[in-house]
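Heads up, the thing below is written out as structure tokens.
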Amino acid sequence: MANEPAVGIHDLSFATTEFVLPHTVLAEHNGTDIGKYHHGIGQWSMSVAAADEDIVTMGAAAAAPLVRRHGSDGIRTILFATESSIDQAKSAGIYVHSLLGLDSATRVVELKQACYGATAALQFAVGLVRRDPGQRVLVIASDVSKYELDSPGEATQGAAAVALLVGADPALVRVEEPSGVFTADVMDFWRPNYREAALVDGQESIGAYLLAVQGSWKDYTEQGGRTLDEFAAFCYHQPFTKMAYKAHRHLLNYCGHGVDEDRVSRDLGPTTAYNSVIGNSYTASVYLALAALLDQRDDLDDRPVGFLSYGSGSVAEFFAGTVAPGYRDHLRTTAHRDAIDRRKPVDYVRYRALHEHSFPTDGGDHPTLADTTGPFRLAALRGHKRIYETR
Ligand code: CAA
């Protein structure tokens with residue numbers, strides 16, 4: 001609508017874990033040629049959560065800088081997207097709301113649709129702000145990606161949270177209409193309530209992702225979207241960074257373009273920098289790709305970026321966002337690099353112990369080791385309640 005203000009991402013901040021496992025360590029343990037990890041799937045290291053970290057501590061650490069910079073006035077909604085939920089009933093966002101000391105006049109809800117949930121949250125946030133441009137919505141995408149030890153998915157694990165402040169006249173990205181959407185009932189990746197690690201059919205999941213790329217693009221064009229050549233870059237969901245390359249080549253082919261590898265690298269290269277060292281952060285992944293893009297490219301003023309969000313099961317959405325002029329003045333590039341560089345490497349034995357860590361389910365008092373040096377920690381599980389602390 002001509003007189004409506006632009007709505008979109010006003011600020012973006014991410015957080016990741018205390019620990020990191022280099023893929024060289026995993027390769028040495030399982031005898032895999034490191035070329036498979038570095039070049040075959042495009043992963044160099046994975047973030048590993050400490051026993052006193054989870055989706056809440058990461059989500060709060062990602063969101064706190066947004067609240068510090070902009071205050072909390074006008075934030076009446078928190079949308080927390082995750083597929084590694086910690087409670088079947090209570091939204092993880094309520095803990096974040098409490099840790100950040102936000103006003104009680106706030107609605108808080110958790111959303112789930114595998115790795116797609118954050119994009120649903122972003123679109124819902126845009127709708128809320130369009131209804132009342134004076135409001136701002138805090139969208140938090142936070143996940144710990146966990147597969148069985150010694151399974152093919154293990155090398156793609158990771159963990160991170162991205163917080164987005166959505167509002168009118170955004171300083172970073174104006175979210176455009178239309179969106180192309182796609183749903184298909186497939187069992188490519190899922191996690192029954194009784195399991196900590198996801199189940200996955202790897203090759204089926206790659207096929208399902210590619211089908212969703214073409215399905216959401218087809219709907220996007222039918223809704224009157226932009227042409228492929230208009231985009232300055234593409235942010236894909238990155239379960240592993242080479243998946244973005246597979247998806248983009250597939251889209252180019254589907255659109256009848258030849259696959260020019262220089263073009264593919266130009267379109268995607270900068271978007272993979274954070275995912276390649278953090279690993280799969282599920283719902284956060286496509287917005288980590290955006291963070292890496294904005295932090296590295298300085299030529300995006302007023303240029304459209306394509307977003308392809310995929311969540312197994314499956315739902316996908318293709319939409320465009322135009323980068324706001326002057327975006328570089330609002331970035332958090334140094335903090336983002338620090339979040340990655342501050343992680344402490346763990347050896348295989350420590351990684352395995354952290355992977356296998358879980359709380360007893362007896363309702364007793366179970367304090368955690370004080371491992372993380374981040375601003376928030378999960379101090380204990382006490383009487384079936386998660387106890388968080390602020391440093
Ligand atoms: N040097 C260089 N490359 C090598 C190599 C070497 N020594 N050895 C193997 N490779 C290459 C292979 O050729 C292959 O490349 P292509 O895909 O381009 O052919 C690549 O490394 C991977 O090899 P494999 O297919 O043999 O690997 P795998 O069987 O161990 O499994 C996987 C790969 C299926 C992605 C597995 O990691 C997995 O199950 N991951 C979890 C599921 C997943 O991420 N699915 C993605 C879509 S679903 C989604 O997006 C939602 C989500 O977040 C989970």
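Keep in mind the model is a prediction, meaning the values are calculated, not measured. Order of listing sets the numbers, starting from 1, for every ligand and every atom in it. Nothing fancy with the numbering, it's 1 onward along the sequence.
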Close N or O approach ([X], ligand 1; < 3.5 Å):
X: Asn280; result: yes
X: Tyr147; result: no
X: Tyr282; result: no

Given the side-chain rings of [X] and [Y], with only the six-membered ring counted for Trp, is the space between their centroids under 6.0 Å?
X: Phe234; Y: Phe307; value: no
X: Tyr274; Y: Tyr287; value: no
X: His357; Y: Phe359; value: yes
X: His10; Y: His70; value: yes

[atom]: nearest protein contact (heavy atom, Å):
atom: atom 25 (O) of ligand 1; result: Gln203 NE2, 3.6 Å
atom: atom 39 (O) of ligand 1; result: Gly202 CA, 3.5 Å
atom: atom 20 (C) of ligand 1; result: Gly40 O, 3.6 Å
atom: atom 30 (O) of ligand 1; result: Lys36 NZ, 2.7 Å
atom: atom 40 (N) of ligand 1; result: Gly153 CA, 3.7 Å
atom: atom 36 (C) of ligand 1; result: Pro152 O, 3.6 Å
atom: atom 22 (C) of ligand 1; result: Ile41 CG2, 4.0 Å
atom: atom 45 (N) of ligand 1; result: Ser205 OG, 2.8 Å

Within the structure, does at least one protein heavy atom fall under 4.0 Å of [atom]?
atom: atom 42 (C) of ligand 1; value: yes
atom: atom 34 (C) of ligand 1; value: yes
atom: atom 1 (N) of ligand 1; value: yes
atom: atom 14 (C) of ligand 1; value: no

Does a side-chain N-to-carboxylate-O contact under 4.0 Å join [X] and [Y]?
X: Arg263; Y: Asp229; answer: yes
X: Arg130; Y: Glu177; answer: yes
X: Glu196; Y: Arg191; answer: no
X: Asp295; Y: Arg328; answer: no
X: Glu18; Y: Arg343; answer: no

Going by atom type alone, with no hydrogens or angles, which donor-acceptor pairs under 3.5 Å involve a side-chain atom of residues 178-187 and a protein atom two or more places apart or on another chain?
unit_1: Ser179; atom_1: OG; unit_2: Gln123; atom_2: NE2; d: 3.3
unit_1: Ser179; atom_1: OG; unit_2: Glu317; atom_2: OE2; d: 2.5

Using a 4.0 Å cut-off to any heavy atom of [X], which atoms of ligand 1 qualify?
X: Phe189; value: 54 (C)
X: Gly35; value: 1 (N), 2 (C), 3 (N), 6 (C)
X: Val200; value: 42 (C)

- Does ligand 1 have a heavy atom under 4.0 Å from the side chain of Cys115, from its backbone, from both, or from neither? side chain
- State if Ser312 counts as touching ligand 1 under the rule of any non-hydrogen atom under 4.0 Å. yes
- Non-hydrogen atom of Lys246 closer than 4.0 Å to ligand 1: yes
- Among Ile9, Leu172, Val162, whose side-chain contact (heavy atoms from CB on, under 4.5 Å) with Leu290 holds? Ile9
- Item | Face-on cation placement of Lys90 at Tyr95 ring, 6.0 Å and 45° thresholds | yes
- Does anything in residues 45-57 pair up under salt bridge (Lys or Arg N to Asp or Glu O under 4.0 Å), and if so which pairs, sequence neighbours excluded? Asp52-Arg377, Asp54-Arg386
